[in-house]
Amino acid sequence: MIQKIICQHVEKSFKGDGTKTIALKNVDLAFEKGEFTAIIGPSGSGKSTLLSLLGTLDKPSKGFITYDGEEILKKSKSKIADFRFQEIGFIFQQFHLLPTLTAIENVLTPLFSRKVPYNKLERAKEVLEQVGLQDKMNSLPSQLSGGQQQRVAIARAIVHKPSWLLADEPTGNLDTETGERIYDLLKDLNEQEGCGVLFVTHDPQLAAKANRIISMKDGVVISDKVGVAP
Ligand code: ADP
Ligand code: MG
């Protein structure tokens with residue numbers, strides 16, 4: 001259970017044909033597991049890049065990221081994948097559910113070929129209940145509303161009991177009220193399960209409810225306000 005993630009002098013650049021985009025510049029940040037953090041900033045400011053680095057999906061071009069002092073990204077691919085399975089849950093704007101699988105089958109996918117000390121089916125049912133979808137376990141994504149699909153995606157993100165939840169514009173495709181309910185669910189996971197939550201949003205009203213707001217522009221952290229929530 002990782003308690004603290006530290007980014008030091010993190011830079012990320014992408015090389016194209018003859019071009020180089022610097023997506024993150026000299027980012028220094030520390031995250032504690034109890035925090036509920038919003039990341040805001042205009043499109044192209046590096047928010048998604050930052051989440052993918054924190055979630056070990058990609059590596060910094062310069063600088064380093066430590067997880068309770070350990071530089072996980074220096075390890076082998078399979079060690080990194082194990083770490084991600086242990087610690088990280090991802091939620092995306094587009095839900096990314098598999099259309100031919102039912103809700104419960106989608107939730108089970110992260111556990112496929114993993115050895116876990118609990119009953120997989122029971123655990124999948126438990127998390128679907130947690131997100132209020134006990135009646136929709138056998139529905140296909142096409143039979144669910146956007147809010148319900150995002151709930152399935154959240155259940156899938158927490159089924160393996162990660163300590164950190166990284167959500168990239170999780171309410172971006174939802175109406176305001178549904179978005180607020182998704183937000184409340186993330187807040188519950190932060191308060192009750194103790195998951196560290198980092199979420200990217202364009203919605204200033206949702207960001208304002210976080211207890212920390214990191215604002216980015218052109219790959220740079222331009223402000224970092226802690227203790228802003230009521
Ligand atoms: P945001 O999520 O804030 O909209 P991103 O992190 O997606 O911003 O992108 C930051 C910058 O990095 C943008 O200029 C984007 O075009 C560039 N970028 C992101 N991912 C890649 C990639 N895989 N290849 C090339 N450029 C990328
Ligand atoms: Mg993005």
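Heavy-atom basis, side chains included; hydrogens, waters and symmetry copies ignored.
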| query | Given side chains that start at C-beta, do those of L174 and E169 come closer than 4.5 Å, heavy atoms only? | reply | no

| query | Is the closest basic N to carboxylate O distance between K125 and E129 below 4.0 Å? | reply | no

| Among F31, F83, W164, which one satisfies ring pair (Phe, Tyr, Trp, His ring centres under 6.0 Å) with Y67? | F83

| said: Looking only at the aromatic ring of each residue, does the gap between the centers of F92 and F90 stay below 6.0 angstrom? | reply: yes

| field | Single-linkage hydrophobic cluster, 4.5 Å side-chain cutoff, I213 and V220 together | value | no

| request: Could you give me the CA-CA distance, side-chain angles and deciding distance for N211 and V226, then say whether side chain to side chain contact (heavy atoms under 4.5 Å, CB included) is met? | output: CA-CA 6 Å; N211 41 42; V226 183; over 6 Å; no

| field | Cluster overlap I182 with V200, hydrophobic side-chain contacts below 4.5 Å | value | no

| request: Using modelled atom types only, decide if a donor and an acceptor are shared between the side chain of E87 and the backbone of I2 within a distance under 3.5 Å. | output: yes

| request: Flag the pair L166 / I91 as yes when at least one side-chain heavy-atom distance between them is below 4.5 Å, and no otherwise. | output: no

| request: Tell me whether the guanidinium CZ or amine NZ of K120 lies under 6.0 angstrom from the six-membered ring centre of Y118 and within 45° of its axis. | output: no

| query | Is there a path of hydrophobic side-chain contacts, each under 4.5 Å between heavy atoms of I, L, V, M, F, W or Y residues, that connects L51 with L24? | reply | yes

| query | About how many Å separate CG of L185 and CD of E180, when rounded to the nearest 0.5 Å? | reply | 13.5 Å

| With no hydrogens and no angle check, is any side-chain donor or acceptor of Y183 less than 3.5 Å from a backbone partner on K209? | yes

| Once you round to the nearest 0.5 Å, how far does CD of Q93 lie from OG1 of T171? | 8.5 Å

| said: Can a donor-acceptor pair be found, under 3.5 Å and without considering hydrogens, that links the side chain of T21 to the backbone of A23? | reply: no

| message | If you compare all heavy atoms of A207 against all heavy atoms of I40, which two are closest, and at what distance to 0.1 Å? | response | CB-CG2, 3.6 Å

| task | List the atom of N190, the atom of G34, and the distance in Å for their closest heavy-atom pair. | result | ND2-O, 3.1 Å

| task | Mark yes or no for whether D28, through its side chain, and H9, through its backbone, hold a donor-acceptor pair below 3.5 Å. | result | yes

| request: Give a yes or no on this: more than 12 heavy atoms of other residues, nucleotides or ligands lie within 6.0 Å of atom CD of Q205. | output: no

| note | Closest heavy-atom pair, T37 versus A210, reported as atoms and distance to 0.1 Å, is C-CB, 4.3 Å

| task | Determine, step by step, whether E193 and Q130 satisfy the side chain to side chain donor-acceptor pair (under 3.5 Å) criterion, reporting the C-alpha distance in whole Å, the side-chain angles of both residues, the deciding distance to 0.1 Å, and the verdict. | result | CA-CA 11 Å; E193 312 273 316; Q130 206 173 339; 3.2 Å; yes

| said: Counting C-beta onward and ignoring hydrogens, is there a side-chain heavy-atom pair between L133 and Q148 closer than 4.5 Å? | reply: yes

| task | Evaluate the side-chain proximity of L73 to P60: yes if any heavy-atom separation is below 4.5 Å, no if none is. | result | yes

| query | For Q94 and N173, does a side-chain donor sit closer than 3.5 Å to a side-chain acceptor? | reply | yes

| remark: Here the gap from T49 atom OG1 to I22 atom CD1, rounded to the nearest 0.5 Å, amounts to 12.5 Å

| field | Non-hydrogen atoms of P141 and P99 that approach each other most closely | value | CD-O, 3.7 Å

| Pairwise side-chain contact, I214 with V221, heavy-atom cut-off 4.5 Å (strictly under) | yes

| Is R212 close enough and on-axis enough to F36, meaning under 6.0 Å and within 45°, for cation-pi? | no

| query | CG/L108 to CD1/I104 distance, rounded to the nearest 0.5 angstrom? | reply | 5.5 Å

| note | Heavy-atom closest pair (P162 atom, A157 atom, distance to 0.1 Å) is CG-O, 3.2 Å

| In Å, rounded to the nearest 0.5 Å, how long is the span from CG of L128 to CZ of R151? | 11.0 Å

| task | State plainly whether one hydrophobic cluster holds both L54 and L165, where clusters connect Ile, Leu, Val, Met, Phe, Trp and Tyr through side-chain heavy atoms under 4.5 angstrom apart. | result | no

| said: Are the side chains of L186 and P170 in contact, using a 4.5 Å heavy-atom criterion? | reply: yes

| query | When you check the gap from the basic side-chain N to the acidic O, do D82 and R114 get nearer than 4.0 Å? | reply | yes

| task | Using the side chain to side chain donor-acceptor pair (under 3.5 Å) rule, take N106 and T109 through it: C-alpha gap first, then chi angles, then the decisive distance, then the call. | result | CA-CA 5 Å; N106 266 286; T109 53; 5.2 Å; no

| message | I'd like to know if the side chain of D68 and the backbone of I5 have a donor-acceptor N/O pair within less than 3.5 Å. | response | no

| request: Return yes if some donor-acceptor pair links the side-chain N/O of E122 with the main-chain N/O of N119 below 3.5 Å, else return no. | output: no

| When L189 is tested against each of I154, D184, V131 for side-chain contact (heavy atoms from CB on, under 4.5 Å), which residue passes? | I154

| When you check the gap from the basic side-chain N to the acidic O, do K12 and D58 get nearer than 4.0 Å? | yes

| message | Can you confirm whether the side chains of T102 and N138 place a donor and an acceptor under 3.5 Å from each other? | response | no

| note | For K33 and S163, the nearest pair of non-hydrogen atoms, with its separation, is CE-CB, 3.3 Å

| Side-chain (E35) to main-chain (E32) donor-acceptor, under 3.5 angstrom | yes

| request: Check whether any side-chain N or O of S61 sits under 3.5 Å from a backbone N or O of S13 as a donor-acceptor pair, and report yes or no. | output: yes

| request: Examine distances only and state if a side-chain atom of K47 and a backbone atom of P42 form a donor-acceptor pair shorter than 3.5 Å. | output: yes

| How about E71: does its CD atom have over 12 heavy atoms from other parts shown lying under 6.0 Å from it? | yes

| Any I39 side-chain heavy atom under 4.5 Å of T201 side chain | no

| query | Can you tell me how far NZ of K187 sits from CG of L206, rounded to the nearest 0.5 angstrom? | reply | 12.0 Å

| Honestly curious: do M137 and V127 fall in one hydrophobic cluster under the side-chain, below-4.5 Å linking rule? | yes

| task | Check whether any side-chain heavy atom of R84 lies under 4.5 Å from a side-chain heavy atom of L57, and answer yes or no. | result | yes

| said: Determine whether L50 and L29 satisfy the following criterion, side chain to side chain contact (heavy atoms under 4.5 Å, CB included), listing intermediate values before the conclusion. | reply: CA-CA 10 Å; L50 178 62; L29 286 169; 4.0 Å; yes

| message | Looking at R156 and F95, would you say the former's side chain and the latter's main chain have a donor-acceptor pair under 3.5 Å? | response | yes

